[in-house]
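Side chains are part of it too, since the values below use all heavy atoms of this structure and drop only hydrogens, waters and symmetry mates. Here is how names work: the chains are called A, B, and so on, in the same order as the sequence lines, proteins then strands, and each is numbered from 1.
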Amino acid sequence: MARTPGVTAEPASASWRLLDRSFFDRHPAEVAPDLLGRVLVHDSPGGRVAVRLTEVEAYGLPGEDPASHSYRGRTRRNAVMFGPPGHLYVYFIYGMHFCANLVCMPEGSGAAVLLRAGEVVAGAELAHARRTGRRVPPGEPAADTGTGTPAAAPVRELARGPARLAVALGFAREHDGVDCCGEGPVRVLEGLPPDPARVRSGPRTGVPNGKHTPWRFWIDGDPTVSPYREHRPRAR
DNA sequence: CCTATGATCATCT
DNA sequence: GATGATCATAGGC
């Protein structure tokens, strides 16, 4: 515990050991469910935020998975997906959001796991401040009123959804390609995987024709899991 | 609780 | 020029 100060919300039996690169050197549909219960840590100048993953989605290889960014081969955006496993692939979408993935399989493959939701187990105050865009002095509650505003978001909402998770952990453009398997600021800890009986799978959220590939995995009953949404083409 | 809608821009066609 | 691995908000129930 002394080696990982600040992560105190986990049960004592959780492991602080790092997941090594070989963990990610597998097909994303195999890595994804194995990531549930693991803890993603980001140490930044502002402090530490750690998130216990509760919901993930696998995105497959070029030609294999039409929903994957890598489906049509390597481009500038998805280049990191084709790099070595265990690195962060962060992309910008909808003109305003970032989403984070962990790269899988050997270098050159083009596969990853999207981090869709988790429970903030350390640094909730910092995560909250990132959400509101306001500085929250230590010890001060966020000066929020009004239901439903980001400032009023309860801790369980801080990393519920891929863009919220990225905000909570402070991930943006500059984190695309960051190695998570070294002694750098971003690491994945073994944590405490859930009882396998609580791991569910189903179609991925918001992907067209996604019903045929049940590559979304989550911890059943966990309040931080995001709501499932079917793909809807947007009106012009 | 739920559904509908607008915001906003990098990326690829 | 169209699209998107989303979210906050408004309004209905």
A:His42 vs A:Phe171, ring-ring contact (aromatic ring centres under 6.0 Å, His included): CA-CA, chis, key distance, verdict: CA-CA 9 Å; A:His42 182 199; A:Phe171 291 155; 5.2 Å; yes
Interatomic distance where CZ belongs to A:Phe98 and C1' belongs to C:dC7 [whole Å]: 15 Å
Would you say whether A:Tyr59 stacks on C:dA5? The test is a distance between ring centres of less than 5.5 Å and an angle between planes of less than 30°. yes
If you take atom types as modelled and just measure distance, does the side chain of A:Tyr91 reach the base of B:dA10 with a donor-acceptor pair under 3.5 Å? no
Closest-nucleotide 5' rank along DNA chain C - winner of A:Pro208 and A:Pro162: A:Pro208
Rounded to whole Å, the CD-P distance (A:Glu230 to B:dA4) equals 12 Å
Does B:dT5 pair with anything, Watson-Crick or G-U wobble, both distances under 3.5 Å, and if so, with which nucleotide? C:dA8
Check each residue of residues 63-75 of chain A for a non-hydrogen atom within less than 4.0 Å of any atom in DNA chain C, then write out the ones that pass by number, or none. A:Ala67, A:His69
Could you tell me how far apart A:Met96 (CE) and C:dC7 (C1') are, to the nearest whole angstrom? 8 Å
Proximal nucleotide (of C:dT6, C:dA8, B:dA10) relative to the A:Phe92 side chain: B:dA10
Grab the CZ-P distance between A:Arg229 and B:dA4 for me, whole Å please. 11 Å
Among C:dC7, B:dC12, C:dA5, which is the nearest nucleotide to the side chain of A:His97? C:dC7
Tell me the interatomic distance from A:Leu102, atom CG, to C:dA5, atom P, rounded to whole angstroms. 18 Å
Can you tell me how far P of B:dC12 sits from CE of A:Met81, to the nearest Å? 12 Å
Would you say that more than 12 heavy atoms from the other residues, nucleotides or ligands in this model lie under 6.0 Å from the CG of A:Asp195, or not? yes
Please answer: with hydrophobic residues joined when any side-chain heavy atoms are less than 4.5 Å apart, are A:Val49 and A:Leu19 in the same cluster? yes
State which of B:dA10, C:dA8, B:dC12 makes the closest approach to the side chain of A:Arg131. C:dA8
Rounded to the Å, how far apart are A:Glu157 CD and C:dT9 C1'? 14 Å
Parallel, tilted or perpendicular, judged at 30° and 60°: which one describes the rings of A:Trp215 and A:His27? perpendicular
